[in-house]
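Okay, structure first, notes after.
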Amino acid sequence: MLAHYLNGVVLAVIYAAVAPFLWGSKWVRAFTYITAETVLGVWLFMAPLLGMGIAGVNGPMGAMFAIVSLVRHWVYAIALAVFIPVPAAAPSTNATASATA
């Protein structure tokens, strides 16, 4: 359990570093990041590693594992969106250059 929470702290630090480069509002950025993390980290890595197949469909919960794990991680995305300040995306330098030309 401790490792899972420490993993959450590490993921929050990574999110704080990459969030300014993601598109959309702070909510879209958090949900995009967590959805990608869930698909890549849980569905394609952890579930097969635990012998449950891709997205955990061969586990005891079947396809519900994929849905439940995604929804639970989306709750974490809400915490990221609320507690981690993300600066607004900087305007493109190309747009600025063409506007002054």
Side-chain angles (χ1 to χ4, degrees):
M1 209 53 183
L2 178 63
H4 193 229
Y5 285 113
L6 290 175
N7 185 47
V9 171
V10 170
L11 288 173
V13 170
I14 294 170
Y15 173 73
V18 300
F21 303 102
L22 298 175
W23 55 271
S25 69
K26 68 178 186 174
W27 294 99
V28 171
R29 293 175 193 201
F31 277 86
T32 300
Y33 173 76
I34 289 302
T35 301
E37 179 273 327
T38 301
V39 170
L40 297 174
V42 177
W43 294 1
L44 298 178
F45 180 71
M46 284 305 295
L49 188 66
L50 295 171
M52 297 190 308
I54 293 176
V57 296
N58 297 331
M61 292 178 61
M64 281 302 293
F65 176 84
I67 296 166
V68 170
S69 67
L70 184 59
V71 170
R72 289 176 59 191
H73 284 95
W74 280 347
V75 171
Y76 177 67
I78 293 169
L80 288 179
V82 169
F83 293 114
I84 297 188
V86 177
S92 172
T93 56
N94 291 340
T96 306
S98 61
T100 58

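Computed over heavy atoms, backbone and side chain alike; hydrogens, waters and symmetry mates excluded.
Nearest heavy-atom pair, Val86 versus Pro20, reported as atom, atom and distance to 0.1 Å: CG1-N, 4.2 Å. Nearest approach of Asn58 to Gly53, heavy atoms of both residues: ND2-CA, 3.8 Å. Gly56 approaches Ala47 most closely through the heavy-atom pair N-CB, 3.5 Å. When all heavy atoms are compared, the tightest approach of Ala30 to Ala77 is CB-O, 3.5 Å. Summarising the geometry of Pro48 relative to Val42, their closest heavy-atom pair is CD-O, 4.1 Å, with the distance given to 0.1 Å.
Hydrophobic clustering (ILVMFWY, side-chain heavy atoms < 4.5 Å, transitive): Val28 and Tyr76 are in distinct clusters. Hydrophobic clustering (ILVMFWY, side-chain heavy atoms < 4.5 Å, transitive): Val13 and Val82 are in distinct clusters.
In this structure, the side-chain hydrogen bond (donor to acceptor under 3.5 Å, both in side chains) partners of Trp74, at least two apart in sequence or on a different chain, are Thr35.
Aromatic ring pairs are classed by plane angle as parallel below 30°, tilted from 30° to 60° and perpendicular above 60°; the pair Tyr33 and Tyr15 is tilted.
Between Ile78 and Phe31, some side-chain heavy-atom pair lies under the 4.5 Å cut-off. Between Ile14 and Val10, some side-chain heavy-atom pair lies under the 4.5 Å cut-off. The side-chain heavy atoms of Met64 and Ile67, taken from C-beta on, include a pair separated by under 4.5 Å.
Between Leu44 and the choices Leu49, Thr38, Val39, the side chain to side chain contact (heavy atoms under 4.5 Å, CB included) rule is met once, by Val39.
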Quiz item: Which is it for Leu11 and Glu37 under the side chain to side chain contact (heavy atoms under 4.5 Å, CB included) test, yes or no, and what are the steps along the way?
Solution: CA-CA 9 Å; Leu11 288 173; Glu37 179 273 327; 3.8 Å; yes

Quiz item: Which is it for Trp43 and Ser69 under the side-chain hydrogen bond (donor to acceptor under 3.5 Å, both in side chains) test, yes or no, and what are the steps along the way?
Solution: CA-CA 9 Å; Trp43 294 1; Ser69 67; 3.1 Å; yes

Practice problem: Using the side chain to side chain contact (heavy atoms under 4.5 Å, CB included) rule, take Phe65 and Met52 through it: C-alpha gap first, then chi angles, then the decisive distance, then the call. | Solution: CA-CA 10 Å; Phe65 176 84; Met52 297 190 308; 3.6 Å; yes

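Taking CH2 of Trp27 as the start and CG of Leu80 as the end, the distance is 10.0 Å to the nearest 0.5 Å.
With a 6.0 Å radius and a threshold of 12 heavy atoms from other residues, nucleotides or ligands, Leu40 has its CG atom above the threshold.
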